[in-house]
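A quick write-up on the structure given underneath.
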Amino acid sequence: MKPKTKRLITLSSSLFLFGVGCIILFYNLRGNLVFFYSPTELLEKSDVNSQKVRLGGMVKKESIFKEMVLQDNFKIQKITFVITDFENEIQVNYKGILPDLFKEGQGVVVEGNYEDNLFNAINVLAKHDENYMPPELKDLNLEASN
Amino acid sequence: MLEVKSIYLNRNKKQILSNFSLILKKKTMVLLLGENGAGKSSLLDTIVGLIKPQSGEVLFDGQTLEEIETQKKKYFTYIPHEICLRDSFSIAENIDIWLNLHSIKLNTKQISKKLEVFDLQNIKDQLVRNLSHGQKKKVSLTKLLFSNSKLWIMDEPINGLDKKSVQILNSICTQHIKEDGSVLFTSHIYPKFKITKKVLLKKFCNKKLYKNSFDSWGKL
Amino acid sequence: MFTKFANPNYFLKISDKIYYPCFLSSIVLFFISLYFSFFASPPDYLQGETVRIMYVHVPCAWLSLSTYSIMAICSFFSIVFKHTLADIIARACAPVGACFTLATLITGSIWGKPTWGTWWVWDARLTSELVLFFIYLGHIFISNAYDDRRKGDRNAAILTLVGIVNLPIIKWSVDWWNTLHQPASISKFSSPSIDDSMLIPLFLMFFSFLLFFTSLLILRIKSEIVVRKIEIIELNNN
Amino acid sequence: MKNFEILVKRELKILFVSVKHILSYSSFFLLVFLLFAFSVGPNLKILSSIYLPILFMIILFSLILTSENFIDEDFKNGCFKELQFLGFSPEQIFLAKSFSMFSSIIFSNFFLIPLTSLLFGINFSATITVFYIFLLSSPTLVLLSLISALFSLQIKRNKFIQFIIVMPFFIPIVIFASSTDIFNYENSNNENFLILFGFFLITLPISIIIGKLLIKETNQ
């Protein structure tokens with residue numbers, strides 16, 4: 001075999017391997033590197049019981065209920081709210097301090113266990129969207145939409 | 001047998017060889033003589049294809065290095081100045097590994113016969129890390145005896161050898177030349193070998209190269 | 001034309017002319033954009049005053065990516081054409097890029113604590129940016145590790161070219177996967193989802209950073225060229 | 001192809017005759033595992049949940065620490081050079097080295113994984129899944145760590161450079177390897193396995209090309 005053909009074969013085969021690897025990787029990566037699941041995805045997943053998962057979506061309007069409970073002689077805020085992706089909803093329970101950006105109609109990611117249609121959150125992270133605007137403009141927008 | 005055609009070689013920003021040519025015929029022993037840093041080892045490394053020269057080519061029996069790439073060991077045997085032995089193995093095991101690399105099969109009798117040439121038979125089970133430098137050198141020279149190739153290339157073979165071993169090496173080489181072989185080796189001193197041809201390598205102090213590189217950089 | 005610019009001396013001549021205007025205007029722009037970002041821009045409707053961190057964070061992130069792409073192009077040229085200037089530029093870029101990446105990570109995590117409620121999450125965007133930081137560090141260490149400069153340059157170039165797979169991952173990670181990090185606000189050219197009053201300080205800051213980066217790069221390249229010239233002179237005299 | 005066979009035989013002989021590579025690897029492995037087990041305490045539920053991340057972190061670190069051994073000696077005593085001028089191409093040398101490294105960790109982990117999984121309270125079927133993951137991810141890790149060892153071959157100053165180079169490329173593999181759910185292997189989707197395989201396919205050609213470049217560079 002001539003060196004030239006040999007080089008051609010090695011180069012083409014390595015390119016082929018690389019391409020196949022990329023295809024396999026990206027085909028499977030799509031669903032895997034997600035930081036959180038939406039309520040619809042979580043409901044479809046069957047094997048999430050007793051496993052730590054992250055759930056993300058919008059906080060449904062007028063679904064937040066806060067009450068103070070006594071736990072280990074400390075007063076702790078207990079919050080229940082509903083996370084929605086406008087198709088499905090999941091109820092979330094959480095005890096602890098909320099981030100500042102946690103508001104109705106805002107994006108949120110909660111971390112915890114999902115059992116029997118109830119999500120027990122250990123951690124609540126506020127998700128910020130890509131919109132930046134001054135408060136006055138926000139009010140204007142709201143008025144316009146109303 | 002070996003033809004070196006006008007080699008130009010730069011290394012570490014220095015020009016080592018410029019337009020170097022060499023023809024090695026059958027039944028000849030060629031000595032490359034030169035002071036330290038003259039580029040003897042670099043030349044040998046170029047010949048066996050470890051370093052790519054800037055220009056020029058090396059032919060073994062009329063074939064380029066690329067053409068004989070996988071069969072290099074059939075054309076020449078090269079003993080570099082490094083001792084290519086693994087420390088944690090004995091001499092016999094090292095020789096065995098080397099023979100396997102060349103796919104040569106010999107029985108133990110033949111091996112021990114060849115080990116006796118350099119008086120290594122008694123210490124053949126010793127680990128290489130316990131040997132002295134001269135002994136290691138002898139082991140690496142013993143590899144020549146096992147090889148089937150006609151061309152022997154050695155880098156500083158007499159360095160660190162005692163008088164007796166040098167004579168043995170001389171007799172081996174003469175024997176090899178009688179059998180249609182040829183030898184190319186380097187040294188910084190002139191040994192009492194039956195040398196057919198002597199090539200003197202001068203240490204280059206070619207400042208032109210740097211000036212050229214300055215030109216490509218523009219003026220200072 | 002290309003060879004003309006690739007000549008270090010011609011490059012030096014041009015860069016000398018560019019350097020001072022670049023540096024001065026970057027300083028002036030920096031103060032203007034500082035004024036804009038602190039006083040002349042409104043707080044965000046949600047984040048409040050925290051939004052001002054963005055004016056440092058986003059330019060740093062953009063520059064960390066673009067610095068790496070400059071390095072990758074230079075590495076390609078240095079491997080294929082073996083040109084010295086490409087090596088020099090890549091070597092000059094690496095620490096600057098590493099600093100931008102570090103600044104991105106730090107400002108991002110300062111912003112993340114009040115907004116998200118956490119300093120750090122292992123989300124795709126953040127992790128890939130961290131990987132970028134490690135690649136920068138690897139480049140710096142490799143290029144300085146060898147006694148022979150050119151060997152270090154070559155190996156660092158290999159590392160840079162392999163690490164280029166990370167760039168698209170950083171850029172599009174927010175679109176490919178659900179991440180905590182918000183998607184890009186300015187990628188859509190038609191209508192950026194940032195209000196104009198916030199867009200102005202952002203772009204001002206970006207240009208001031210860009211000019212600062214250019215002047216820093218010119219300075220580093222100049223010193224690197226001088227070092228190499230000294231090396232050649234030393235070789236010549238021996 | 002025959003050349004490659006010879007090379008692999010040599011590497012395997014070196015590996016299994018002097019068992020120091022395997023011994024150093026497995027002793028480090030066991031030591032760290034035991035330390036983890038002692039520090040976490042006898043709570044099997046916690047232990048079994050952290051088994052996979054610990055396993056891959058330890059494999060990673062022991063690979064980085066031992067990868068040098070596979071190349072350093074050959075490089076220092078000149079065997080690297082010898083193999084090249086005997087006609088073995090750098091790609092072959094790189095592949096043979098990685099094969100010997102791979103077989104060394106396969107050999108030692110064949111005993112170590114069941115042992116440690118017993119210690120950490122992992123049931124039999126989960127252990128088999130761990131084996132699958134290990135088999136799919138370790139070739140990639142081996143190739144990468146060998147590349148890093150080649151990178152730092154001529155560096156005398158700081159060996160810790162290896163960690164920094166290798167870190168960004170190791171992270172994704174370790175993430176996907178250790179995020180696999182070994183207990184519900186039957187129910188969960190096996191995307192992670194395919195992802196690890198994809199990583200291997202991507203790493204193989206790239207690392208061969210880079211390994212070739214780096215090995216050629218050692219001659220300079």
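Every value quoted in this text rests on a predicted model; they were computed, and no experiment measured them. Below, chains carry the letters A, B, ... as their sequence lines are ordered, and counting in each starts from 1.
Contact count versus chain B (heavy atoms, under 4.5 Å) is highest, among D:Lys81, D:Lys216, D:Gln92, for D:Lys81. Counting heavy-atom pairs closer than 4.5 Å to chain B, the top-ranked of the candidates D:Leu83, D:Leu7, D:Asp74 is D:Asp74.
With contacts defined as side-chain heavy-atom distances shorter than 4.5 Å, the pair D:Cys79/B:Arg86 qualifies. Annotation: side chain of B:Asp45 is not in contact with side chain of D:Phe85 (no heavy-atom distance under 4.5 Å).
D:Lys76 and B:Asp87 are not joined by a salt bridge, as no carboxylate oxygen comes within less than 4.0 angstrom of a charged side-chain nitrogen.
Residue D:Ile14 touches chain B through both its backbone and its side chain, counting heavy-atom pairs closer than 4.5 Å. In this structure, chain D has heavy atoms under 4.5 Å from both the backbone and the side chain of B:Leu50. No part of D:Phe80 comes within reach of chain B, as not one of its non-hydrogen atoms sits under 4.5 angstrom from that chain. For a residue to count as touching a neighbouring chain, one of its non-hydrogen atoms must lie under 4.5 Å from one of that chain's; by this rule D:Lys9 does not touch chain B. In this structure, the portions of B:Leu101 lying under 4.5 Å from any heavy atom of chain D include both its backbone and its side chain. Within the 4.5 angstrom heavy-atom criterion, no atom of B:Tyr75 approaches chain D.
Distance CD/D:Gln84 to OH/B:Tyr78: 12.0 Å, rounded to 0.5 Å. Here the CD-CD distance, from D:Glu82 to B:Glu82, works out to 10.0 Å after rounding to the nearest 0.5 Å. The line from NZ of B:Lys73 to CD1 of D:Ile6 is 4.5 Å long, rounded to the nearest 0.5 Å. How far OG1 of B:Thr77 is from CG of D:Leu86: 8.5 Å, rounded to the nearest 0.5 Å.
More than 12 non-hydrogen atoms from other residues, nucleotides or ligands lie less than 6.0 angstrom from CZ of D:Phe33. In this structure, D:Phe197 places its CZ atom where only 12 or fewer heavy-atom neighbours from other residues, nucleotides or ligands lie under 6.0 Å away. Within a 6.0 Å radius of CZ in D:Phe110, no more than 12 heavy atoms belonging to other residues, nucleotides or ligands are found. A 6.0 Å sphere centred on NZ of B:Lys74 holds no more than 12 heavy atoms belonging to other residues, nucleotides or ligands.
The heavy-atom pair separating B:Cys84 from D:Gly78 by the smallest distance is SG-O, 3.4 Å.
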